[in-house]
Amino acid sequence: MIEKSNASVTVDLSSLDNNFRCLSEFVDKDTRIMAVVKSNAYGHGAIKVAEALEPKVGAFAVNAIQEGIELREAGITIPILVFEVPQKSMVRQYRVHNLTATFSATEHFDWVPDGTSYHLNFDTGMGRLGFRAEQAEKVAGLVKKRKELFCTGIYSHFATAHEPGSARVREQHRKFNTIRSHFPDQLATHIANTGGTAFYDTEQFNMVRLGIGLYGYAPGDIAIDGLQPVLRWDTFLTQVKEVKKGEAISYGADWQAPSDGYIGILPVGYEDGLKRNLGGKLRVLIGNEDYPVVGTVTMNYTMVFLEQSKFEVGTAVKLLHAGNNAYDWAQKLETIPYEILTSIDLRIPRTYI
Ligand SMILES: *Cc1c(COP(=O)(O)O)cnc(C)c1O
């Protein structure tokens, strides 16, 4: 993979540590934390994040098996759960790399080779992966029968835990408890994500799966006190030039300068994760002042109206920062911080402090 030099992403591992401690306050004694580092640790860099968290957590979770292999090759030794459905071409790799598979359909018992460890995933209301509740007895029979495979856990996933007070969370929890009773006691058992952990007092069983909170964001619109965004994203002015009142900027020529002044050009566009729909909505920080992104965001460039400030080429520009974080961006785009963070081009190098 090439490394770009048009921007830089800084990942503050002391904020990650702060968030870990902050979330730990919500975790029951005797409940272990599984840190979710899927999608390259929500864009923060899976290896570095996993190395920082490994001494403190009980396990990691990834989505794709290749993400688990990457962590093993980097020297991570604690359990790693793979969420995705096993794919026939990859089934041998679970055992080879000591990764824990997820079984969410009966055929998965037949696909993986002997010696593979797995967790069972039950769908209690998410409507995504997982066995249906009615299959619990049948699945319990398969677990018992297939002694050459190692069932080490059972889990489910909440659909509505990002906001407090959801009756659906309690309903899913109740359903999961009933399913749980069909299986041996000693399994790792987990249902709570960040929201389930921070916003609900429902039993956490013996493990919680924390993702977004570790990276400094609440999962919905209700804040979790004490969290600090871990990632910031910076670029610079690659060109600064005069603009005259009434002149149009960018594709569509929809924005016209309201006065004479300067346009700053950022060497970052929607291919980097600076979403096209932010045109006209985002403000970026240069020095101590905010300036508006004007005109359409293009694939590789974004224009900023600098008004009367004739900044030097190379001047630093803060895109995503404490005063305008991924939650703020998400509000402008009617999305969630998860999508903002995982959209930042992986070819922009991450620096760890
Ligand atoms: C992504 C994910 C999580 C983490 O959710 P957060 O809201 O980021 O804490 C937990 N479990 C599963 C199955 C997931 O897909």
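Atoms within each ligand, like the ligands themselves, are counted from 1 in listed order.
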Any nitrogen or oxygen of Val36, side chain or backbone, less than 3.5 Å from one on ligand 1?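 For ligand 1, there is no N or O atom that lies under 3.5 Å from one belonging to Val36.
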Parallel, tilted or perpendicular: rings of Phe158 and His173 (30°, 60°):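 If you compare the ring of His173 with that of Phe158, the planes turn out parallel.
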At what distance is the nearest protein heavy atom to [atom], and which residue and atom is it?
| atom | value |
| --- | --- |
| atom 14 (C) of ligand 1 | Lys38 NZ, 3.0 Å |
| atom 11 (N) of ligand 1 | Arg209 NE, 2.7 Å |
| atom 5 (O) of ligand 1 | Asn193 CB, 3.6 Å |
| atom 4 (C) of ligand 1 | Tyr42 OH, 3.4 Å |
| atom 7 (O) of ligand 1 | Tyr338 OH, 2.7 Å |
| atom 9 (O) of ligand 1 | Thr194 OG1, 2.5 Å |

Applying a strict 4.0 Å limit to heavy atoms, is His190 in contact with ligand 1?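 Outside the 4.0 Å threshold, so no.
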Is it true that Asp328 and Lys332 make a salt bridge, defined as a side-chain N closer than 4.0 Å to a carboxylate O? no
Taking only non-hydrogen atoms of Ile212 and a 4.0 Å limit, the atoms of ligand 1 in range are 6 (P), 7 (O), 8 (O), 9 (O)
For ligand 1, which atoms have a heavy atom of Arg128 less than 4.0 angstrom away?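 It comes down to these atoms of ligand 1: 15 (O).
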Distance-only side-chain donor-acceptor flag, [X] / [Y], under 3.5 Å:
| X | Y | result |
| --- | --- | --- |
| Thr189 | Arg180 | yes |
| Asp221 | Tyr327 | yes |
| Asn6 | Asp272 | yes |

Flag if over 12 foreign heavy atoms under 6.0 Å of CG, Asp114: yes
Can any side-chain N or O of Thr178 pair as donor or acceptor with the backbone N or O of Arg174 at less than 3.5 Å? yes
